[in-house]
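Remarks on the structure that follows.
What you see below is based on every heavy atom in this structure, not just the backbone, and it leaves out hydrogens, waters and symmetry mates. Residues take their numbers from the sequence shown, with the count starting at 1.
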Amino acid sequence: MNSDWNQYQDELTSDDEKTRDRAATFVGNCGADAAPILPILMEMISDKLHSPPNHQSGGFQYGEFVSAGRILQAIEVLRQSGTATKTMLKYADAAIERLPLLLRDAGGESTSLLIYVLSLIGPRMAHLAPLVLEATLRESDPRMRYRAYQFACAVSPSLLNNHPWSTFPPLDPEERGTWIQGIPWVVLICFLLLTGLEFVPRLTTSNDVEYKLPVPALPQEAKRPTELSQKIDSWLDSRVHHLDAVMVQHRGQLVYSRMFNWFRADQPHEFQSATKTISSILIGIAIDEGLIRSVDQPIAGLLPEHAGLLTGAKSQITLYHALTMQTGLRWIDFGVGNSFERIETSPDSVAFVLSEPLDSAPGEKFFYNTGSSHLLSAILQRQAGMNALEYAKRRLFEPLGVTQVSWPALPDGRTQGGWGMYLSPEDMLKIGQLLAEGGKYRGKQIISKQYVDEMFTSRVTTYLDADYGYQLWFPKDHGCDGLAAARGYGGQDIFVARDRDLVVVFTGNIGFPERNAKDVRQLLKEVIFPNFSP
């Protein structure tokens, strides 16, 4: 271990909480290079499993779990590409061997965070599904169910499609014994699902409705004998990257498709904040149906039960402000006690968002705020009489032939309006093509061209070298004028160049957000867009 790691070892064991959290965050961001610190992190995790959870009072416990998970995730990617060093693999394998034992011993928030670590490692952890399911049933914390859902999404599409991981009911003390007695049967069902048997009865809730449509799937791999395909292959093969999918569709025809790191083109992948664009599309459909009068309506009128929180300057917040990230409401993306952590356990997610103070006047400036995007989901639920997932299935996904979609709800039953969706690259292409064709798909108008045109109109200049519209980005440095994009953390992107009738989809490993953003930009600018003229 070099001197730098010795320094961070000292900081990780410091008595100062902020020092510990800072060190854990730094180590996690180092990815595979931080493999030498893994033994220390795993030892610290083991020591704290029987200690009271410290997640709310400080970031140390949270930081070390997430740090270990990101290191293991990065090493796993290198393992698959054959570029991991023996030292990296030694530390990673030793840590992975300890995870089942840790999971059995854990409780409360520690279990939730361990499940999150397992989800980061991915399909290699599928054999732990029975333990994860048992742990989820054992705990009543809604965060636990959310982490278990993340794990199911990461390790097995079959598991994801056949268990409502995000919606297990809270367990009352009187009910817990009955559930535990049923665990052997649940474990058996889980085993059958993982072995691919299709006759296991599907468990459903109001938030997870089964439907199947006879829509043919796109091919896993496009035929790639073209000059463009050779150029993209050459670019991808010439470097170590962390992309999971690259797909290009021109004039409605798939011209390039390539998957990496275990993934398939029809396999749901985390969508991250690209979810926001789906929420915007649904708002447009609701306007088309007359459920919402216009984007200029005040939020107070669309969420009347929460009008009491929208007084003073907040009373000026409109649907337009929520669509364009100009509500002015405070939102904290990262760090200890960030807004995601708090909203996931809030009894009323709308009240949580609207109770935050104004950092600027509504409409004054752009500020990236996922809470504002969540308001879109709440508005849809209030106006349509069903949550955003159900509305999306009926009005958007079924017409597109999207049969595998997951979009979890928060504890109050509202679908997460700005994050959390899982969608396959093939289905991401369908969303992109819908936008490219002005709201039409296979001859059917699903959303009005007028609203799509409004979506593609730049509304505000941001501080991120891009303009912003209705939950849609307009990058300025990707080699194509008029380019629009649904963008998610870590390289989950749908790019639409309407003047070229071109849709490009990426998914990526969220452990490498900066690298993926750079690779996506360069591949588009240097290889893909030069081959398609307006």
Side-chain angles (χ1 to χ4, degrees), residues 77 80 122-123 150 153-158 160-161 213 215-224 228-229 232-233 235-236 241-278 281 392 396-397 400-407 419-437 441-442 473 478 483-497 501-513 516-517 519-521 523-524 527-528:
V77 171
Q80 294 298 313
Q150 290 178 308
C153 291
V155 303
S156 171
S158 177
L160 172 65
N161 291 332
L213 293 176
V215 178
L218 291 172
Q220 285 278 10
E221 293 279 338
K223 294 181 179 179
R224 299 184 270 113
L228 169 66
S229 299
I232 298 176
D233 282 339
W235 193 94
L236 291 167
H241 63 81
H242 305 287
L243 299 175
D244 294 330
V246 180
M247 302 184 80
V248 182
Q249 189 159 285
H250 185 228
R251 296 176 180 171
Q253 299 297 315
L254 187 66
V255 297
Y256 184 85
S257 175
R258 190 172 175 189
M259 307 295 126
F260 305 90
N261 305 324
W262 321 294
F263 288 99
R264 304 188 315 272
D266 64 348
Q267 179 180 345
H269 192 286
E270 53 192 327
F271 204 35
Q272 295 286 328
S273 285
T275 303
K276 295 175 172 65
T277 303
I278 303 297
I281 292 173
L396 177 63
F397 294 138
L400 291 179
V402 175
T403 60
Q404 294 189 86
V405 60
S406 298
W407 196 2
W419 75 106
M421 182 177 288
Y422 274 70
L423 203 62
S424 74
E426 286 182 351
D427 291 335
M428 291 166 66
L429 278 177
K430 295 175 183 178
I431 298 295
Q433 194 63 38
L434 174 74
L435 296 176
E437 295 183 13
Y441 186 77
R442 293 184 177 176
W473 293 95
H478 285 55
L483 181 66
R487 310 213 65 177
Y489 184 81
Q492 329 312 321
D493 300 309
I494 304 173
F495 290 95
V496 180
D501 200 357
L502 187 67
V503 179
V504 186
V505 162
F506 295 93
T507 62
N509 185 324
I510 64 170
F512 304 89
N516 286 345
D519 285 345
V520 165
R521 181 176 63 252
L523 183 53
L524 289 172
V527 181
I528 295 178

Checklist entry - Hey, mind stepping through Lys430 and Val402 against side-chain contact (heavy atoms from CB on, under 4.5 Å) and telling me if it holds? => result CA-CA 8 Å; Lys430 295 175 183 178; Val402 175; 4.1 Å; yes
Checklist entry - Is there a side-chain contact (heavy atoms from CB on, under 4.5 Å) between Ser273 and Tyr489 once you walk through the steps? => result CA-CA 6 Å; Ser273 285; Tyr489 184 81; 5.6 Å; no
Item to check | side-chain contact (heavy atoms from CB on, under 4.5 Å) assessment of Val520 paired with Arg487 | outcome: CA-CA 11 Å; Val520 165; Arg487 310 213 65 177; 4.0 Å; yes
Checklist entry - Under the side-chain contact (heavy atoms from CB on, under 4.5 Å) criterion, do Leu435 and Ile281 qualify, and how do the steps go? => result CA-CA 9 Å; Leu435 296 176; Ile281 292 173; 4.0 Å; yes
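Every residue meeting the side chain to side chain contact (heavy atoms under 4.5 Å, CB included) condition with Arg251, not counting sequence neighbours, appears here in chain and number order: Asp501. His241 pairs by the side chain to side chain donor-acceptor pair (under 3.5 Å) definition with nothing, not counting sequence neighbours. Residues satisfying the side chain to side chain contact (heavy atoms under 4.5 Å, CB included) criterion with Asn516, sequence neighbours excluded, are His242, Leu243, Phe512.
Residues Val504 and Leu524 have side chains in contact (heavy-atom distance under 4.5 Å, counting atoms from C-beta outward). Under the 4.5 Å side-chain criterion, counting only non-hydrogen atoms from C-beta, Trp407 is not in contact with Leu423. Residues Met421 and Ile278 meet the side-chain proximity criterion, which asks for heavy atoms closer than 4.5 Å. Val505 is not listed as a side-chain neighbour of Ile431, based on a closest heavy-atom distance of 4.5 Å or more. Residues Glu426 and Met247 form a side-chain contact, since some pair of their non-hydrogen atoms from C-beta on lies under 4.5 Å apart. Side-chain contact between Phe271 and Met428: present, with at least one pair of heavy atoms (C-beta onward) separated by less than 4.5 Å. Looking at heavy atoms from C-beta onward, Tyr256 lies out of side-chain contact with Ile528 at the 4.5 angstrom threshold.
A distance of 5.5 Å separates CG of Leu236 from CZ of Arg258, quoted to the nearest 0.5 Å. Going from atom CZ of Arg521 over to atom CG of Asp493 covers 11.5 Å, rounded to the nearest 0.5 Å. The line from CD1 of Ile510 to CD of Gln272 is 5.0 Å long, rounded to the nearest 0.5 Å.
Closest approach of Gly432 and Val496 over heavy atoms only: O-CG2, 3.7 Å. Listed here is the closest heavy atom pair of Leu254 and Leu429: CD1-CD1, 3.6 Å. In terms of heavy-atom proximity, Trp235 sits nearest to Asp519 at CH2-O, 3.4 Å. Here the closest heavy-atom approach between residue Met259 and residue Ala245 is recorded as SD-CB, 3.5 Å.
The backbone N or O of Gly490 lies less than 3.5 Å from a partner atom in the side chain of Gln492, making a donor-acceptor pair. A distance-only check finds no donor-acceptor pair linking the side chain of Ser406 to the backbone of Tyr422 [under 3.5 Å]. A distance-only check finds no donor-acceptor pair linking the side chain of Gln433 to the backbone of Val503 [under 3.5 Å].
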